[in-house]
Participant: 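The structure's right below; bear with me while I get my questions together.
Please read these numbers as outputs of a predicted model, since none were measured by experiment.
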Amino acid sequence: MDTLSQLLAELRVASALHCRIAVGAGSGVAYPSLGAAGFHVLLAGAAVLELADGERRALAPGDLVILPHGDAHRLLAAPLPPSGGRAAAVPSIDAVVARAADGVATVGDGAEAARWLCGAFRFATAADHPLLSALPRVLHVPAVAGGEASGADGGGAGGRAELPWLRAHLDMVACEARSGRPGAEVVIARLTEVLFVQAIRAELAELPPDARGWLGALRDPELARAVGAIHRHPERPWTVATLAREAGMSRSRFAERFAAVLGRPPLAYLAAWRMHRGRALLREGALRVGEVARRVGYGSEAAFSTAFRRAAGVAPATYRRATGEATVGRPR
């Protein structure tokens, strides 16, 4: 399994569909900050994504937009008011969903100017997973290859290469959304989970060759092999030399490039990933602390507890109780 597939499997992405929304010109919907990644697929018309800080991105039919960190935003049907100022107050998504009929809601007056699907992705893992934390505020995958979002209604969104089957996939989402057939919501949920994967692929494809950060390392074939080895086997007694062999590089060249791209030495990254996996296993609550320690590469429960307390500020057992995942009868 390649490193990206492995990390996506760790995330265990699940999506939920809010509803289909038909919006009149200049109106829209407000989405509060979420504990999930919001997404929209523009089915028809034109719209503008407006973030809380005023940044705008113009969307065209078939565009997919994901807000991985759940930022508050508004989605507005174009054209916006000619004054260039903010559009009038718009209803919140909760109010819109409350009055939806058969999964469809109408917002604003006059003829329909835009129609979209909206929903959210939730992840089984914590928000500090390196894949999630490395993603930008907005993932925008245009339906048209080389499309630009610019002009009075929005700031530039960049021209991103179209995925070969993106148009057909979005058409399938739109078709299911219109069909009203039994099971349509389940089909849409599965299709949008694939769209999340494709949006990350599109983001990786657009990175410059000298990209830094975690996504830059994932795109670097040599570093990706070492990162994948750490994620697959945190329990192994890795050294800089053994990780360099995984990457197929000399020890010194590997250590230098790893630190330059990821911003920390290889063994510091290893220690951070071990703590991440330790927290995940403790939240699941099925293993004794000693077994968690073994699975993430510590020779003893005491050594793991010391490292965990230093990283998290509490003992492993205390952390597990505080997450609310441990239940009566599970091992402590």
Participant: For Asp109, is the CG atom crowded, meaning more than 12 foreign heavy atoms sit under 6.0 Å from it?
Facilitator: no
Participant: Kindly indicate, with the supporting measurements, whether the criterion salt bridge (Lys or Arg N to Asp or Glu O under 4.0 Å) is fulfilled by Asp220 and Arg225.
Facilitator: CA-CA 9 Å; Asp220 182 309; Arg225 286 197 293 271; over 6 Å; no
Participant: Between Leu223 and Phe254, is a side-chain contact (heavy atoms from CB on, under 4.5 Å) present by the stated rule, with each step listed?
Facilitator: CA-CA 8 Å; Leu223 292 183; Phe254 168 73; 4.0 Å; yes
Participant: Would you check if the side chain of Arg309 reaches a backbone N or O of Ala307 as a donor-acceptor pair within less than 3.5 Å?
Facilitator: no
Participant: Please evaluate residues Leu4 and Leu204 with respect to the criterion side-chain contact (heavy atoms from CB on, under 4.5 Å), reporting the C-alpha separation (whole Å), side-chain torsions for both, the decisive distance (0.1 Å), and the verdict.
Facilitator: CA-CA 10 Å; Leu4 179 58; Leu204 286 172; 3.9 Å; yes
Participant: Is the count of non-hydrogen atoms from other residues, nucleotides or ligands lying under 6.0 Å from Glu235 atom CD greater than 12?
Facilitator: yes
Participant: Whether the side chain of Thr3 engages the backbone of Ala224 through a donor-acceptor N/O pair (distance < 3.5 Å, no angle test) should be reported.
Facilitator: yes
Participant: Under the 3.5 angstrom rule, does the side chain of Thr318 hit a backbone N or O of Val314 as a donor-acceptor pair?
Facilitator: no
Participant: Tell me whether the centres of the aromatic rings in His40 and His73 are closer together than 6.0 Å.
Facilitator: yes
Participant: How far apart are the C-alpha atoms of Glu203 and Leu215, what are their side-chain angles, what is the distance that settles it, and do they pass the side-chain contact (heavy atoms from CB on, under 4.5 Å) test?
Facilitator: CA-CA 9 Å; Glu203 184 68 21; Leu215 290 178; 4.2 Å; yes
Participant: Can you confirm if the aromatic rings of Tyr31 and Phe39 lie within a centre distance of less than 6.0 Å?
Facilitator: no
Participant: Output yes when a side-chain donor or acceptor of Arg274 lies under 3.5 Å from a complementary backbone atom of Val296, and no otherwise.
Facilitator: yes
Participant: For the residue pair Trp273 and His129, categorise the inter-ring angle as parallel (less than 30°), tilted (30 to 60°) or perpendicular (more than 60°).
Facilitator: perpendicular
Participant: Pair Arg137, Glu55 - check side-chain contact (heavy atoms from CB on, under 4.5 Å), show working.
Facilitator: CA-CA 11 Å; Arg137 296 169 70 196; Glu55 178 188 345; 3.4 Å; yes
